[in-house]
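FYI, the numbering just counts along the sequence from 1. Here the structure is a predicted model, which is why all the values come from computation and not from measurement. The analysis underlying the following values was restricted to heavy atoms, covering all of them including side chains, and did not include hydrogens, waters or symmetry mates.
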Amino acid sequence: MRQRVFFDLTDGLTILADETGVVVADLDQALRQAASAIEEMRLSGQLGGEFGWRIVVRDANRTILHLLPLP
């Protein structure tokens, strides 16, 4: 079943909330999208070795589906 998921960035203190999200077929597709976003941010220089940040994959009800640490 397709659902809208959101990719928030957090370091545990600060949350950069994704208010738009994307529609995915399942959690696997959401995780692939998150990994792709991390790679794009790294290649563009937006990620420069920040320590402790992670992507929180959540649904529209704000339920956390997965935590993905930034390398």
Judged by atom type as modelled, is there a donor-acceptor pair below 3.5 Å linking the side chain of Thr63 to the main-chain atoms of Asp59?
-> no
Taking the hydrophobic residues Ile, Leu, Val, Met, Phe, Trp and Tyr, and joining any pair whose side-chain heavy atoms are under 4.5 Å apart, which ones share a cluster with Met1?
-> none
Nonpolar side-chain network containing Leu43, other nodes, edges under 4.5 Å = none
Can you get from Val5 to Leu70 by hopping between Ile, Leu, Val, Met, Phe, Trp and Tyr side chains that sit under 4.5 Å apart?
-> yes
Show every donor-acceptor pair shorter than 3.5 Å between a side-chain atom in residues 16-28 and any protein atom, with sequence neighbours excluded, or say none if there are none.
from, atom 1, to, atom 2, distance (Å)
Asp18, OD1, Thr20, N, 2.9
Asp18, OD1, Gly21, N, 2.9
Asp18, OD2, Phe7, N, 3.0
Asp18, OD2, Gly21, N, 3.4
Asp26, OD1, Asp28, N, 3.3
Asp26, OD1, Gln29, N, 2.9

hydrophobic_cluster_shared for Leu31 and Leu65, side chain cutoff 4.5 Å = yes
Residues pairing under side chain to side chain donor-acceptor pair (under 3.5 Å) where one sits in residues 2-17, two or more places apart or in two chains, turn out to be Asp8-Arg58
Applying side chain to side chain contact (heavy atoms under 4.5 Å, CB included), name anything that partners Leu68, two or more places apart in sequence or on another chain.
-> Ala34, Ile38, Ile55, His66
